[in-house]
Amino acid sequence: MIRIVIIGLWICAVALGSLYFAVQQNSATAAVTSHDAKPLDDGKTEVFSVPIIIDGAVQGYVVTQLIYTIDSAVKASVKTPVSFFINDEIFRQFYGHYSDVKEVEAVKFEDVKQAIIDGVNARFPEPLVKDLLVQQFNYISSKEIRDQNTKGISRG
């Protein structure tokens, strides 16, 4: 009988010791966590297309959708959705910058991404956009669009 009581007390002591250690470990981890990290928000632009015009004719479209991370503190001071500014910068980057359609397929996205981030951030007193990620980035030629639109229609 005494053995059962001693075993019961031993189990209680081990359980309480484990609980105490877990609480101490958790509070030590919370103290180490930095509170200086700026909170970030994220969002997504809508699917956006930019016409590629060469010699006065539309040769195709760059179709893109980006995911962005922005500084929450700066976002609070902005009344207009950030995606509008990002779409505007995408349009500025591609519209009129490519004289050869094939050049669009070889776009170095890191350069374009940084130019878009810099362009958007230049419009605000503090940097707003922290990073851009690609959700979709395609080039569709006018011929592909024409073929898709006339599929199944016989031309006579």
Side-chain angles (χ1 to χ4, degrees), residues 17-156:
S18 297
L19 179 64
Y20 178 76
F21 178 73
V23 169
Q24 290 297 328
Q25 189 69 18
N26 190 24
S27 65
T29 304
V32 171
T33 304
S34 174
H35 294 289
D36 296 336
K38 292 182 180 179
L40 297 176
D41 282 342
D42 60 352
K44 180 189 303 191
T45 64
E46 293 188 22
V47 176
F48 185 75
S49 63
V50 179
I52 302 298
I53 300 174
I54 300 171
D55 296 329
V58 175
Q59 299 297 315
Y61 296 87
V62 171
V63 179
T64 184
Q65 183 176 29
L66 302 176
I67 298 171
Y68 53 85
T69 57
I70 56 177
D71 187 338
S72 299
V74 179
K75 180 187 175 193
S77 66
V78 177
K79 303 289 187 233
T80 308
V82 177
S83 63
F84 293 173
F85 294 102
I86 294 173
N87 286 345
D88 183 60
E89 282 302 318
I90 293 169
F91 194 86
R92 290 172 190 247
Q93 286 297 313
F94 287 102
Y95 190 76
H97 281 96
Y98 294 94
S99 59
D100 182 9
V101 175
K102 294 187 187 307
E103 197 172 323
V104 175
E105 296 170 356
V107 170
K108 294 181 180 172
F109 189 72
E110 283 301 315
D111 297 339
V112 173
K113 176 178 111 169
Q114 194 57 50
I116 292 169
I117 290 171
D118 293 343
V120 171
N121 286 342
R123 297 178 183 194
F124 300 99
E126 296 179 52
L128 174 66
V129 178
K130 298 298 181 186
D131 197 12
L132 288 175
L133 304 170
V134 177
Q135 175 84 21
Q136 176 182 348
F137 188 82
N138 296 319
Y139 174 75
I140 302 172
S141 71
S142 294
K143 182 181 180 317
E144 289 176 87
I145 294 171
R146 242 185 326 273
D147 292 345
Q148 187 68 26
N149 287 339
T150 59
K151 190 179 265 186
I153 299 174
S154 61
R155 293 189 160 189

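The first residue of the sequence shown is numbered 1, and numbering continues consecutively from there. Worth knowing before you read on, the calculation uses all heavy atoms, side chains too, and leaves out hydrogens, waters and symmetry mates.
Taken to the nearest 0.5 Å, the CG atom of Leu19 stands 10.5 Å off from the CD atom of Gln24. Here Phe85 contributes atom CZ and Thr80 contributes atom OG1; the two are 4.5 Å apart, rounded to the nearest 0.5 Å. To the nearest 0.5 Å, atom CZ of residue Phe124 and atom CD1 of residue Ile70 are 9.0 Å apart. Rounding to the nearest 0.5 Å places NZ of Lys143 at 12.0 Å from CD1 of Ile145. The CD atom of Gln114 sits 10.5 Å away from the CD atom of Gln93 when rounded to the nearest 0.5 Å. With rounding to the nearest 0.5 angstrom, the NZ atom of Lys130 is 10.0 Å from the OG atom of Ser72.
What you find for Ser142 and Val58 is that their closest heavy atoms are OG-O, 2.8 Å. Nearest approach of Tyr139 to Gly60, heavy atoms of both residues: OH-CA, 3.5 Å. Contact record, Val129 with Asn121: N-OD1, 2.7 Å, taken as the closest heavy-atom pair. Between Val47 and Gln136, the shortest heavy-atom distance links the atoms CG2-OE1, 3.9 Å.
By the 4.5 Å heavy-atom criterion applied to side chains, Glu46 and Gln65 are not counted as neighbours. A heavy-atom distance below 4.5 Å is found between the side chains of Ser83 and Tyr68. Ile67 is not listed as a side-chain neighbour of Leu132, based on a closest heavy-atom distance of 4.5 Å or more. Between Ile116 and Ile90, the closest side-chain pair of non-hydrogen atoms falls below 4.5 Å. Taking the side chain as every heavy atom from C-beta outward, Pro51 and Phe91 approach each other to under 4.5 Å. A 4.5 Å side-chain heavy-atom check between Ile140 and Val63 finds at least one atom pair inside the cut-off.
In this structure, the side chain to side chain contact (heavy atoms under 4.5 Å, CB included) partners of Val134, at least two apart in sequence or on a different chain, are Leu66, Phe109, Phe137.
For Asp118 and Arg123, the salt-bridge test fails: no basic side-chain N is under 4.0 Å from an acidic carboxylate O.
No donor-acceptor pair closer than 3.5 Å links the side chain of Asp131 to the backbone N or O of Thr69.
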